[in-house]
Amino acid sequence: MAGGAGDSEEGAIYGINVTPLVDVMMVLLIIMMVTARILVSQGMPMELPKAAPPSPVAPKMLTVDITQDGQVFVDRQPVANNRALVGLARSAYSQDQDVRALIHADGKAFHGRVIRVLDILRQAGIKKIAFAATESTKK
């Protein structure tokens, strides 16, 4: 009997012969392996894009720190007021149009002060602004 091994009084099949299934799967696997090898060996001609050479001059970085009490430091130098910050930002922008600003504010600094510094940098022409974050030590 092709369906199973063993004789039953009622002729029920209680086992499945998997040998034909394994044979078919092996043939399919061999066909797929040969086909894949042929496709890979011929290959498809492609022109991959070339990477741009790195810029020899790194863009200027303007670091702005804001303390808990609202004091602003530009490149670790204290800034007296908003006008001084505007002057420093415009000066940095005039020297390098691709200047980048990094704002690092204390976690307890007033949100309004951070936004005001962000607005001043934008008005000075600086478009690339990032925020630095420090991992909290509280658990």
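For reference, positions follow the sequence shown, starting with 1. These figures come from a predicted structure and were not determined experimentally.
- Residue pairs meeting the side chain to side chain donor-acceptor pair (under 3.5 Å) criterion with at least one member in residues 122-133, sequence neighbours excluded: D98-K128.
- Here the side chain of S91 pairs no donor or acceptor atom with the backbone of G87 at under 3.5 angstrom.
- Taking CG from L118 and CD1 from I103, the interatomic distance works out to 5.0 Å, rounded to the nearest 0.5 Å.
- Grouping Ile, Leu, Val, Met, Phe, Trp and Tyr residues whose side-chain heavy atoms lie under 4.5 Å apart, directly or via other members, places L21 in a hydrophobic cluster with V24, M25, L28.
- In terms of the side chain to side chain contact (heavy atoms under 4.5 Å, CB included) criterion, residue partners of V34 (sequence neighbours excluded) are, by chain and number, I30, I38.
- For the salt bridge (charged side-chain N to carboxylate O under 4.0 Å, His left out) test, no residue two or more places apart in sequence or in another chain qualifies with R113.
- Residues meeting the side chain to side chain contact (heavy atoms under 4.5 Å, CB included) test with A84, sequence neighbours left out: V79, N81.
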Residue pair D119, R116: steps toward the side-chain contact (heavy atoms from CB on, under 4.5 Å) verdict: CA-CA 5 Å; D119 286 341; R116 181 67 186 135; 4.2 Å; yes

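- Here the CD1 atom belonging to I120 is positioned 10.0 Å from the CZ atom belonging to R90, to the nearest 0.5 angstrom.
- Crowding of F110 atom CZ: a count of heavy atoms from other residues, nucleotides or ligands under 6.0 Å not exceeding 12.
- The two atoms that bring A101 and L121 nearest to each other are CB-CD1, 3.8 Å, heavy atoms only.
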Show the atom names and distances, to 0.1 Å, of all donor-acceptor pairs under 3.5 Å that link a side chain in residues 56-68 to residues at least two apart or in another chain.
from	atom 1	to	atom 2	distance (Å)
T67	OG1	D69	OD1	2.4
T67	OG1	Q71	N	3.1
T67	OG1	Q71	O	3.3

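- Heavy-atom minimum distance, V114 versus F131: CG1-CE2, 4.0 Å.
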